[in-house]
Amino acid sequence: MSHDGGGMDAIAAQQPTNNTSAIGAHVPNAKASRAVSQPVDSHSVSRRLQSELMSLMTRGDPGISAFPDGDNILTWVGTINGSKGTVYEGMSYKLMLKFPTDYPFKPPQVKFETACFHPNVDQYGNICLDILQDKWSSAYDVRTILLSIQSLLGEPNNDSPMNSYAAALWSNQEEFRKANCKRYRDAGGVTTVTK
């Protein structure tokens, strides 16, 4: 299951080049591949995440934010607002991001904490998005992830749904909007835009 929307490539292309192969550049070639596959030391991961936090705060992208959950730099709470012109406009979703100790060589686990009625999100908040699975790159960061999920809300991949009912309903945007609003309200969500 993957989301192959063209928007993902465009978002990834906006990212600053973060060539992780440079990490092993000073290591002789025989050891370079082994150095990259080993877990990164916790100070390196912490520095990377602190840098990503600063970048996210200074970029000020509309409708996305994320911060560490308390003192644990490896667990973040994110927020995504539905994009204007989509059935998610006016809705705000909370996400949980858990970073592995070998981040950025492995993607974080990302789940919706706010119930999300969407073809590519299951009832437990798991997200089917290629960059969080087999298409992950260490050049991606928290900003890429949040923008990609925000894009996914309006551009689902109905060819491999996690929620078949939502996927079947997607073609009728008015009915989808009604079902989405009902589930959002039932889950305690408050819309800022009335339709």
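Residue numbers start at 1 and run along the sequence shown.
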Residues, nucleotides or ligands: over 12 heavy atoms within 6.0 Å of Gln109 CD: no
Can you find a heavy atom in the side chain of [X] that is under 4.5 Å from one in the side chain of [Y]?
| X | Y | answer |
| --- | --- | --- |
| Ser137 | Phe105 | no |
| Leu153 | Cys116 | yes |
| Tyr103 | Ser44 | no |
| Leu132 | Ile145 | yes |
| Asn163 | Asp122 | no |
| Ser83 | Tyr88 | no |
| Lys106 | Pro100 | yes |
| Glu52 | Gln50 | no |

For [Y], does its backbone N or O pair with a side-chain atom of [X] as donor and acceptor, under 3.5 Å?
| X | Y | result |
| --- | --- | --- |
| His118 | Leu152 | yes |
| Trp136 | Pro104 | yes |
| Ser55 | Ser51 | no |

Specify the closest pair of heavy atoms between [X] and [Y], including all atoms of both residues, with the distance to one decimal.
| X | Y | result |
| --- | --- | --- |
| Pro161 | Asn158 | CD-O, 3.4 Å |
| Trp76 | Ala66 | CE3-CB, 3.7 Å |
| Met91 | Val87 | CE-O, 4.0 Å |
| Ser148 | Leu129 | CB-CD2, 4.0 Å |
| Ser92 | Asn81 | OG-OD1, 3.0 Å |
| Ser160 | Asn120 | O-ND2, 3.6 Å |

Verify same cluster id: Met96, Phe99 (apolar side-chain graph, 4.5 Å): no
Side chain to side chain contact (heavy atoms under 4.5 Å, CB included) evaluation trace for His43 with Val45: CA-CA 6 Å; His43 295 298; Val45 175; over 6 Å; no
Polar side chain donor-acceptor pair, Gln150 to Tyr93, under 3.5 angstrom: no
When the side chains of residues 67-74 are checked against the rest of the protein, which donor-acceptor pairs come out under 3.5 Å, sequence neighbours left out?
residue : atom : partner : partner atom : Å
Asn72   : OD1  : Leu74   : N            : 2.9
Asn72   : ND2  : Thr75   : OG1          : 3.2

Residue from Val77, Val110, Leu49 passing side chain to side chain contact (heavy atoms under 4.5 Å, CB included) with Leu97: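 Testing each of Val77, Val110, Leu49 against Leu97, the sole residue satisfying side chain to side chain contact (heavy atoms under 4.5 Å, CB included) is Val110.
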Matching residue for Leu95 among Ile64, Thr79, Thr114, Ile127 - test: side chain to side chain contact (heavy atoms under 4.5 Å, CB included):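 When side chain to side chain contact (heavy atoms under 4.5 Å, CB included) is applied between Leu95 and each of Ile64, Thr79, Thr114, Ile127, only Ile127 qualifies.
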Lys178 side, atom NZ; Glu175 side, atom CD - distance, nearest 0.5 Å: 4.5 Å
Separation between OG of Ser151 and CD1 of Ile80, rounded to the nearest 0.5 Å: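 So the gap between those two atoms works out to 10.5 Å.
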side-chain hydrogen bond (donor to acceptor under 3.5 Å, both in side chains) partners for Asp61, two or more places apart: Arg143
Members sharing Tyr124's hydrophobic cluster (side chains within less than 4.5 Å):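 For Tyr124, no cluster forms, as it stays isolated from other hydrophobic side chains.
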Mutual orientation of the aromatic rings belonging to Phe117 and Tyr165 [parallel < 30°, tilted 30-60°, perpendicular > 60°]: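 Correct class here is tilted.
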